[in-house]
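Below, chain A is the first sequence line, B the second, and so on; all start at residue 1.
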Protein chains: 2
Amino acid sequence: MNETDALAAFASISSATRLRILKLLVEAGTNGLSAGEIAAAVGATPSRTSFHLSNMSEAGLVTSSRMARQITYRLDFAVVGALMRYILEDCCKNNPTVRACCVTDGGC
Amino acid sequence: MNETDALAAFASISSATRLRILKLLVEAGTNGLSAGEIAAAVGATPSRTSFHLSNMSEAGLVTSSRMARQITYRLDFAVVGALMRYILEDCCKNNPTVRACCVTDGGC
DNA sequence: CTTTCATTTCAAGTTTTATTGAAATATACT
DNA sequence: AGTATATTTCAATAAAACTTGAAATGAAAG
């Protein structure tokens with residue numbers, strides 16, 4: 001992950017709707033969800049949802065594949081992980097205070 | 001960290017200049033840097049730098065304190081850590097793929 | 001090959017955010 | 001008090017992102 005990619009990812013998840021889509025796709029796991037299911041879940045119009053999904057796709061956060069008439073969107077967990085690593089290492093130089101928050105039993 | 005705070009933090013670090021300021025303040029550590037030093041380092045005008053710094057301050061990422069004529073800005077490492085934890089736990093439900101990227105020897 | 005369903009694209013208007021330079025505030029020095 | 005330094009605030013402009021609804025695309029079914 002480079003700076004340009006990280007900036008696009010941050011911009012993408014700084015929208016309340018898109019962050020909600022991300023959380024939804026985390027729960028959906030590797031199966032993903034169709035654009036229509038996502039639209040229904042977040043209560044947005046199809047065109048608005050499509051706009052947000054292409055934003056997330058351009059940011060590399062999601063992948064899409066057509067299944068018959070529907071298009072399935074899946075979260076790219078590796079990209080989210082790479083973003084975490086970018087903050088932790090490239091930005092924060094492995095600062096111990098920041099790093100402590102990333103362990104399950106961390107005092108944070 | 002709640003969703004509102006996380007959204008503000010993401011929006012803040014989705015600007016190239018502000019991400020650069022964050023990295024600068026990571027290296028400065030607990031000493032921090034004055035607004036003027038930051039402006040010089042990022043090559044921005046004082047007013048523009050001030051704008052970005054108040055954005056980061058509203059997002060909770062930095063703290064400020066006046067030292068004589070200068071105002072020192074410091075990164076709030078705990079807030080950055082809380083943001084990491086928010087992505088990892090609240091958003092990603094501790095997904096193992098994402099979590100693997102947060103350990104030094106992680107296969108990521 | 002027309003219809004239906006799922007999704008995307010487009011154009012228009014609205015809102016938000018960024019930039020610039022000048023003026024204002026706060027502190028220190030003489 | 002008056003001047004210089006450091007930073008912020010303000011108003012105006014410019015640029016980017018969001019929203020809406022209508023039209024277009026792609027795929028399946030009759």
Task: S47(A), nearest nucleotide to its side chain (from dT20(C), dT19(D), dT9(C)) - done: dT9(C)
Open item on the list: Is a donor from one side chain sitting under 3.5 angstrom from an acceptor on the other, for R74(A) and S65(A)?
Closed with: yes
Task: Out of dT8(C), dC18(D), dA6(D), whichever nucleotide has its closest atom nearest the side chain of Q70(B) - done: dA6(D)
Task: E3(B) side chain reached by D90(B) side chain, heavy atoms, under 4.5 Å - done: no
- [ ] Quickly work out the E37(B) CD to dT7(D) P distance and round it to whole Å.
- [x] 8 Å
TODO: Could you tell me whether a side-chain N or O of S14(A) sits under 3.5 Å from a main-chain N or O of A11(A), the two making a donor and an acceptor?
DONE: yes
- [ ] May I ask you to evaluate whether R18(A) reaches the phosphate of dC18(D), defined as a side-chain N or O under 4.0 Å from OP1 or OP2?
- [x] yes
- [ ] Grab the CG-C1' distance between L7(A) and dA17(D) for me, whole Å please.
- [x] 16 Å
- [ ] Side chain of A35(A) only, please: which of dT8(D), dT20(D), dT8(C) is the nearest?
- [x] dT8(C)
Open item on the list: Does dA26(C) have its OP1 or OP2 closer than 4.0 Å to a side-chain nitrogen or oxygen of R66(B)?
Closed with: no
- [ ] Using the closest heavy atom to pick a nucleotide of DNA chain D for each, name whichever of A68(A) or S15(A) lands nearer the 5' end.
- [x] S15(A)
Open item on the list: Rounding to an integer number of Å, can you tell me how far F10(B) CZ sits from dT17(C) P?
Closed with: 16 Å
Open item on the list: Taking the minimum atom-to-atom distance to the side chain of S50(A), which one of dA18(C), dT9(C), dT7(D) wins?
Closed with: dT9(C)
Task: Length of the CD1-P vector between I71(A) and dC5(C), whole Å - done: 18 Å
Open item on the list: Strictly below 4.0 Å: does H52(A) bring a side-chain N or O up to OP1 or OP2 of dA17(D)?
Closed with: no
Task: Length of the CE-C1' vector between M56(A) and dC18(D), whole Å - done: 16 Å
- [ ] Please state whether the sulfur gamma atoms of C102(B) and C102(A) sit closer than 2.5 Å to each other.
- [x] no
TODO: Please determine, for the side chain of R69(A), which listed nucleotide (dT20(D), dG21(C), dC5(C)) has the closest atom?
DONE: dC5(C)
Task: Nearest-nucleotide pick for R48(A), side chain only, options being dT19(C), dT20(D), dT8(C) - done: dT20(D)
Open item on the list: Nearest whole Å is fine: how far is dC18(D) P from L19(A) CG?
Closed with: 14 Å
- [ ] Verify the distance criterion only: is there a donor paired with an acceptor across the side chains of D76(B) and T63(B) at less than 3.5 Å?
- [x] no
Open item on the list: Less than 4.0 angstrom between a side-chain N/O of Y73(B) and OP1 or OP2 of dA6(D), yes or no?
Closed with: no
Open item on the list: Looking at dT7(C), I'd like to know if its phosphate oxygens (OP1 or OP2) sit under 4.0 Å from a side-chain N or O belonging to S34(A).
Closed with: yes
TODO: Taking only the side-chain heavy atoms of N55(B) (C-beta and beyond), determine which of dA18(C), dT7(C), dT7(D) contains the nearest atom.
DONE: dA18(C)
Open item on the list: How many whole angstroms separate atom CZ of F51(A) from atom P of dT20(D)?
Closed with: 12 Å
